[in-house]
Q: 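I have a structure I would like to understand better, so I am pasting it below and will then ask my questions one at a time.
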Amino acid sequence: MTPNAASTSSGPSRRSFLASTAVATAAVAGGMPLLTACGGSDNGSREGATSGKAADKLIPTYVASTVAKPDLPSKNGSSAGYTSKVDLAALATSVPDKLGTGAPIKIMSPFWGTPPKPGCAYYKGVDAAAGTKVTWQNQDGTTYGEKLGAVLASSSIPDMVVVPSWEMVGNKIPNAVTAKFMDLGPYLAGDKVKKYPNLAAIPSDSWRMSIFGGALRGIPMPSAPAASIMPYYRKDIFDKKGYTVPKSADEFLSWAKDATSAKAKVYACGDIAWLSGSIFGAAPGWNIDDDGKLRYGIERPEYLEALEWTRKLFDAGVVHPDDKARTGDQGQRFTAGEILVYASDASAWYVKTAEQAKANPDFQIEAMDYFGADGGNPTLYASPPATIWSMIRKGASKETVENALAAANFAAAPYGTKERMLVDYGVEGTHYTVKDGVPVKNDRGNSEVINAWVMLAAPAPYFAHPDFPEVARKQAEWQQRMGAFMKKTSTYGMNIVEPTRYASLTSQFEQLQIDYVRGHKKLSDVQQAISTWRSSGGDKLRDWYKKLLDKNGSGN
């Protein structure tokens, strides 16, 4: 039951340049899709990963939820879709007994927007139902990495901390994760998880990605493997102008020139570097290619082809000037009709629809299907099965741990339950009312029931919008279609910590790529940077990955 407030989380604060769909959700910074470095050990850095049979011994037993059968079951790695109206008077119960004891716990989490006041009706309502007493230490999501790093470097860590994958660039935070957060195996591994049935219903791949430093330390927010970064377009304007949705890179550029009118302040697109890697089939991170050779993303011809095509868009003047200057909000330019195509995550389909329903009834947002650069089928890569985790500090008392797990179990309630309804909408009469069988948030609901509890854990991925069920259907069907072209990389589903000596190898690429597509650098500059990357450690890192994959097996 996705909240029908338009003001939901703005998503990752750091955007990956030329990110393929494999890591776009994780939004790992660094230009090309970088593999997040995760792991470590209790006694310093522990290089490598835990996968295969070793990982299977550490993760919880999977017990699927039987509540609310989806109208569109998961297919090709898609999220499930719910389009039928739910009988709100007959919601199921997924937490029949309060698992929390009411002992106080402090939770630090990223927050996009203005946090509600402590002790607000929403926090009180969920605490009462879950048996918890949470003090939220909400931090600005756009600068969360700085705060997270400072807190993990200190001796005072909250009982529970939300750690997003996009903040784990380099080795400091991954190693701190292992040093500062506890092994949850004694509470959740194997059948122990059955005490927390909503956590047991989280897919196993998501739990495998929650192993850090050889131990289960994270409670995951699972994500669908199918693409979640979508090429949105203004269908209402396309229809009005008679535009045909492009189906190749050349068609897109030709259409973009046609649709742009600087005089009218209408541009074809924003900065769509998020999409170009997928259009050209650029594989993210380290992958064993079809010829059997192990390569990194920047070494593949598709990487440079995607860069060059993105440069053409800027050179042609079809990208909005504010995107070239990297200022303002693409999403606002999109709804204002100043750009006709932009890239964002799956949530934008619903958020923009709800936001514009009254303000602009003619507004229609759709996601075009990915196309291969040559007009054929695209080659897409699976997204990580988890990108955000909540973790419990080492040294926490047994009561604190159990209350934190009780909170996470409540937050992971599946669609069609009283618990999901409370987490997503708050208290009826206080935060929302029911109109024609559909919950509708009021102003208080929109200001209090936003990204806090949802950051602790989540059920298996799904789309459901009671007020706009057609959007849920389109989201699920789009992922199903795109999932048919999805491949897994050799490191799919693994949390890997690279040797510290290679931590800064790719640090220059993000800015270099930004500069290149905007015409401030030459292609030869990028090629030289790739050559330097190889000679300054990239080739040695390749050897390290070969040994890792030989030992752990390939993710694909």
Side-chain angles (χ1 to χ4, degrees), residues 14-20 22-24 26-39 45 47-49 165-175 273-274 276-278 280-311 381 489-492 494-550 554-555:
R14 299 190 62 158
R15 305 302 196 186
S16 133
F17 193 85
L18 282 179
S20 80
V23 294
V28 179
M32 63 292 170
L34 299 183
L35 181 65
T36 309
C38 305
S45 174
E47 301 170 1
S165 61
W166 59 87
E167 303 294 4
M168 291 199 281
V169 178
N171 289 65
K172 288 184 179 180
I173 289 181
N175 284 332
W274 252 14
S276 55
S278 294
F280 282 82
W286 289 97
N287 188 55
I288 300 171
D289 294 332
D290 292 340
D291 62 2
K293 293 183 178 180
L294 178 63
R295 294 185 181 90
Y296 193 49
I298 58 176
E299 300 181 278
R300 301 186 181 91
E302 296 87 355
Y303 168 73
L304 291 179
E305 290 167 3
L307 265 180
E308 290 178 281
W309 182 73
T310 308
R311 168 83 171 249
Y381 289 87
T489 66
S490 303
T491 54
Y492 173 79
M494 298 182 191
N495 257 328
I496 297 173
V497 60
E498 295 177 352
T500 304
R501 59 189 176 278
Y502 302 124
S504 62
L505 263 181
T506 57
S507 59
Q508 64 174 313
F509 277 91
E510 181 175 16
Q511 189 60 49
L512 177 59
Q513 292 163 153
I514 290 170
D515 289 341
Y516 170 71
V517 300
R518 286 163 173 78
H520 307 316
K521 293 287 186 179
K522 299 177 182 177
L523 183 63
S524 59
D525 294 324
V526 181
Q527 292 169 324
Q528 180 57 50
I530 295 171
S531 178
T532 301
W533 171 87
R534 287 194 182 108
S535 61
S536 60
D539 285 337
K540 291 182 179 178
L541 184 58
R542 184 193 330 279
D543 294 337
W544 183 87
Y545 266 93
K546 283 179 180 177
K547 292 179 182 178
L548 181 142
L549 292 174
D550 286 344
S554 174

Q: Between L549 and W286, is the side chain to side chain contact (heavy atoms under 4.5 Å, CB included) condition met? List the steps.
A: CA-CA 10 Å; L549 292 174; W286 289 97; 5.8 Å; no
Q: Let me confirm one number: the CH2-CG distance from W544 to L294, rounded to the nearest 0.5 Å.
A: 11.5 Å
Q: What pair of heavy atoms forms the shortest contact from G537 to Y502, and how long is it?
A: O-CE2, 3.6 Å
Q: Show the nearest heavy-atom pair for residues I298 and I530, with the distance to one decimal.
A: O-CD1, 3.3 Å
Q: Rounded to the nearest 0.5 Å, what separates atom OG1 in T500 from atom CG in N175?
A: 6.0 Å
Q: Going by salt bridge (Lys or Arg N to Asp or Glu O under 4.0 Å), name the residues that satisfy it together with D291, two or more places apart in sequence or in a different chain.
A: R295
Q: P499 versus L541: any side-chain heavy-atom pair under 4.5 Å?
A: yes
Q: Please give me the minimum heavy-atom distance between L505 and G538, naming the atom from each residue.
A: CD1-N, 3.8 Å
Q: If you look only at pairs with a residue in residues 523-541, which of them pass as a salt bridge (charged side-chain N to carboxylate O under 4.0 Å, His left out), with sequence neighbours excluded?
A: E299-R534, D539-R542
Q: Donor-acceptor check, side chain of R300 to backbone of A282, threshold 3.5 angstrom: yes or no?
A: no
Q: Rounded to the nearest 0.5 Å, how far apart are OG1 of T310 and CD1 of I514?
A: 12.0 Å
Q: Testing R518, Q511, Q513 for side chain to side chain contact (heavy atoms under 4.5 Å, CB included) with D515, which one passes?
A: Q511
Q: Side-chain contact, heavy-atom cut-off 4.5 Å: K521 with V526?
A: no
Q: Tell me yes or no: between the side chains of Q528 and T532, is some donor less than 3.5 Å from an acceptor?
A: yes
Q: Would you check if the side chain of S490 reaches a backbone N or O of I288 as a donor-acceptor pair within less than 3.5 Å?
A: yes
Q: Mind checking whether R311 and L523 have side chains closer than 4.5 Å, heavy atoms only?
A: no
Q: What do the steps show when you test F280 against E308 for side chain to side chain contact (heavy atoms under 4.5 Å, CB included), and what is the final call?
A: CA-CA 11 Å; F280 282 82; E308 290 178 281; over 6 Å; no
Q: Rounded to the nearest 0.5 Å, how far does CG of N287 lie from OG of S554?
A: 7.0 Å
Q: Strictly under 6.0 Å, is that where the ring centroids of W533 and Y296 end up?
A: yes
Q: Can you list everything that forms a ring pair (Phe, Tyr, Trp, His ring centres under 6.0 Å) with Y516? Sequence neighbours excluded, please.
A: none
Q: Between Q527 and L304, does the side chain to side chain contact (heavy atoms under 4.5 Å, CB included) criterion hold? Intermediate values first, please.
A: CA-CA 9 Å; Q527 292 169 324; L304 291 179; 4.2 Å; yes
Q: Quick one, V517 and L307 - any side-chain contact, counting heavy atoms below 4.5 Å?
A: yes
